[in-house]
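Just below is one structure, and these are the notes that go with it.
We number each residue from 1, following the sequence as shown. In this text, all values refer to a predicted model and were calculated from it rather than measured experimentally.
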Amino acid sequence: MIEAAKIKELKGIGEKTEKLFQKVGIDTVGDLIRYYPRGYDVYEEAVPISELEAGKVMTVTGAIYGRVLVGGSPRMQVTTLHVKDITGTLKVIWFRMPFLRNTLAGGGIITLRGRIAERRDGIVMEHPEIFYPSEKYEEKRGALQPIYTLTAGLTNNAVIKAVRQALDNLDLSAETLSPEIRLKYHLAEYNYALRGIHFPEDKEVFYHARNRLVFEEFLEFILTLRKLKDGSEKLKNEYVMGIHPEVEAFIEKLPFALTGAQKKVWEEITADMASDTVMSRLVQGDVGSGKTIVAVLALLNAALNGYQGAMMAPTEVLARQHYESVTKYFEDYGLPVKTVLLTGSMTAKEKRRAYDRIECGLAKVIIGTHALIQNAVNYDNLALVITDEQHRFGVRQRETFAEKGMMPHVLVMSATPIPRTLAIILYGDLNISVIDELPSNRLPIKNCVVDTTYRQTAYSFMRQQIAKGRQCYIICPMVEDSEHLEVENVTDYAAALKEELGAGIVVDHLHGKMKQKEKDAVMDRFAEKESHVLVSTTVIEVGIDVPNATVMMIENAERFGLAQLHQLRGRVGRGKHQSYCIFMSGSKAKETRERLDILNKTNDGFKIASEDLRLRGPGDLFGIRQSGLMNFKIADVYQDAKILKQASEAADWLLETNNEWLKKQFPRYEEVSNIMI
């Protein structure tokens, strides 16, 4: 069987199941074998009852203590058992399993594996897997069971069965990496890696398999960037422009002085736009460092020089916020520059009006979402394109945007803190500028790292802030088993919070499974102060700017990388009021406390990113969520920094010594990569 074969050619996959696979992006056998597990169920050693941690799936072995009880209502019967070891006693509950009263009536030693929950009367193990007698657990200990991202109707077992069948029938003899590269970097064969990533016999096999696949993914990505850079470095600047006098006057009139870092970056941008070749520049600045005003200056300069400038944001809410702030700047300072907004949710009439103004050249500054790169949009003389929060856009999308003009200048803005050594590799087709200084009027965010016993105090603090007219965010991580549980987690939390906070406080919620219009409506309500608390998954990491929000509480903070926690924290501290971030951890482990404590000590994203890089070890792959920085299938920029550097070295060697072999083995190198950066 070849990778291009349709998924329906596998046994047991009919039309209905094929559609379910297509919902998660699997259309061919090749898509299926590269649909890597998002995690693994690891059957670890049993731990003493005294060492159990809320929020984790753990295993205990102990003696059945007392009677097995069945209570609750006829519709929801709850079976309760107590297990005891030398360190303590654990309450265990099962739902709708009354027959266990007879199964476990004989007493004796039992091994249980399940999620630990925190209740008012202490910790409880909920609905665990039973190994009775306990010796049965030894058969599974150390095993890794793949867990895949699912959609409603598609089970984990269905994916496992399909992957096994694909791997058993696929020709896996083809090797894409050269022997020299595999030997130098100790990389597994492709065949071994594919089987090892889906069905690892143990952690060692998993790490070896994953390293190979991560290396290859990085290598393809870097080779594509090198190709883009080679092309852009040769492009002649068709839009040579100096600094317009009105731009200099505008800078002088601003109610604040540009920081030294902002001035330096602005000089680099203007030098690029006045040079012989087209600008391709990344402006990397921490949350709140003042990147937006630099973008406004660039757009204004292009407009006053007689050209068009466009800025693309990742969400409609952020696009509208940019549009309103840019329009206000131009109106307040009497600048004769027409600005238009273009987003997907606009009516057909509104879009046609915007298209006309763009095409005839009346609109000099155009701000919007992905709608800016649709076929219907024709620009008059597009000289500058800016993408905000670049890691949300694919390289192909950026190229499409640039092609709307006659090779315009490209400026990329990102608030994601990446250590410079990695940024040089990841943004290999761009020159890099860094705004590493915060405006003097920014109040530092006050942070605290607490355990779950602090929750009521946190709610009380939120009530106080809301009484002062402020707003709050609460972030919930995705629950383990499936994407659709993410929805239940957030909605259930929001419902419970409404009861907790009481009447008069409006609680809204947001999650990734909502349609874009629903998300925008929720974010709009929050931006307009119609809701007081927004309970959300990490979808708000980028795309909403509410200066009135002063509290960010992150549940289960131990599940995230430090860099992502810092990005989430950046949603507050954007206004004139003092802001606060509460990192609530469900883990009492010393290492977790020390890691989160770094966020207590600094608000500097670049320092945090470097610490994140230093602290993450291979074991974290089974615990801390990936950074979410780029849309790689398996690689993680922070986790795999060492492999990223190795792939960069290998790309240099291949380009210098083996170009023909390279084109044969990596045909996608000849295309534009769609990895999102």
Please name the pair of heavy atoms, one in [X] and one in [Y], separated by the smallest distance, quoted to 0.1 Å.
X    : Y    : answer
T550 : V572 : C-CG1, 3.9 Å
L341 : G368 : CD1-CA, 4.5 Å
D508 : R525 : OD2-NE, 2.7 Å
I222 : S648 : CD1-N, 3.6 Å
Q262 : G290 : NE2-O, 2.9 Å
C360 : D380 : O-OD2, 4.2 Å

Donor-acceptor pair between T28 and D31 side chains, under 3.5 angstrom: yes
With no hydrogens and no angle check, do the side chains of H577 and N548 hold a donor and an acceptor under 3.5 Å apart? no
Any side-chain heavy-atom pair from [X] and [Y] closer than 4.5 angstrom?
X    : Y    : result
K633 : E217 : yes
F218 : I425 : no
S414 : Y427 : yes
L235 : T277 : no
L154 : Y148 : no
C476 : H511 : no
L223 : L219 : yes
D640 : F215 : no

Thinking salt bridges, do K6 and E18 make one under a 4.0 Å N-O criterion?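 Answer for the salt bridge query: no.
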Please determine whether the number of non-hydrogen atoms from other residues, nucleotides or ligands lying under 6.0 Å from atom CG of D332 exceeds 12. yes
So, applying side-chain hydrogen bond (donor to acceptor under 3.5 Å, both in side chains) with R320, which one of D524, T369, T343 is it?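 In the set D524, T369, T343, the residue that makes a side-chain hydrogen bond (donor to acceptor under 3.5 Å, both in side chains) with R320 is D524.
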Option from H566, Q567, K291 for which side-chain hydrogen bond (donor to acceptor under 3.5 Å, both in side chains) with D286 holds: H566
Distance from [X] atom [atom1] to [Y] atom [atom2], nearest 0.5 Å?
X    : Y    : atom1 : atom2 : answer
L411 : L299 : CG    : CG    : 8.5 Å
L20  : K23  : CG    : NZ    : 6.5 Å
Q284 : L430 : CD    : CG    : 11.0 Å
T387 : M311 : OG1   : CE    : 10.0 Å
S579 : L443 : OG    : CG    : 8.0 Å
L644 : L426 : CG    : CG    : 5.0 Å

Indicate yes or no for a side-chain donor-acceptor contact from [X] to the backbone of [Y] under 3.5 Å, with no hydrogens or angles considered.
X    : Y    : answer
E248 : I243 : no
S275 : D272 : yes
S325 : Q321 : yes
E437 : A261 : yes
E518 : K515 : yes
E316 : G344 : yes
Q374 : H370 : yes
N381 : G306 : yes
N301 : G242 : yes

Applying the side-chain contact (heavy atoms from CB on, under 4.5 Å) criterion to Y239, which one of M273, Q308, H409, M279 satisfies it?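 By the side-chain contact (heavy atoms from CB on, under 4.5 Å) criterion, Y239 pairs with just one of M273, Q308, H409, M279: H409.
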If you take the centroid of each ring, where Trp contributes its six-membered ring, are F632 and F221 closer together than 6.0 Å? yes
Restricting to salt bridge (Lys or Arg N to Asp or Glu O under 4.0 Å), what partner residues turn up for E268, sequence neighbours left out?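 Testing E268 for salt bridge (Lys or Arg N to Asp or Glu O under 4.0 Å), a comparison that skips the adjacent residues, returns K264, R281.
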Would L565 and I608 count as a side chain to side chain contact (heavy atoms under 4.5 Å, CB included) if you check the C-alpha gap in whole Å, the side-chain angles of each, and the deciding distance to 0.1 Å? CA-CA 10 Å; L565 288 171; I608 290 163; over 6 Å; no
For Y35 and T149, run side chain to side chain contact (heavy atoms under 4.5 Å, CB included): C-alpha distance rounded to whole Å, both residues' side-chain angles, the deciding distance at 0.1 Å, then the answer. CA-CA 9 Å; Y35 193 68; T149 299; 3.4 Å; yes
Tell me whether the rings of Y329 and F250 are parallel (<30°), tilted (30 to 60°) or perpendicular (>60°).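 Answer is perpendicular, since the angle exceeds 60°.
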Stepwise side chain to side chain contact (heavy atoms under 4.5 Å, CB included) test for I432 and L282: CA-CA 5 Å; I432 299 174; L282 165 72; 4.2 Å; yes
After noting the C-alpha distance and the side-chain angles of N237 and D276, does the key distance pass the side chain to side chain contact (heavy atoms under 4.5 Å, CB included) rule? CA-CA 5 Å; N237 184 1; D276 295 332; 5.7 Å; no
Summary of side chain to side chain donor-acceptor pair (under 3.5 Å) pairs that have at least one residue in residues 348-357, sequence neighbours excluded: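 Non-adjacent pairs meeting side chain to side chain donor-acceptor pair (under 3.5 Å): T347-E350.
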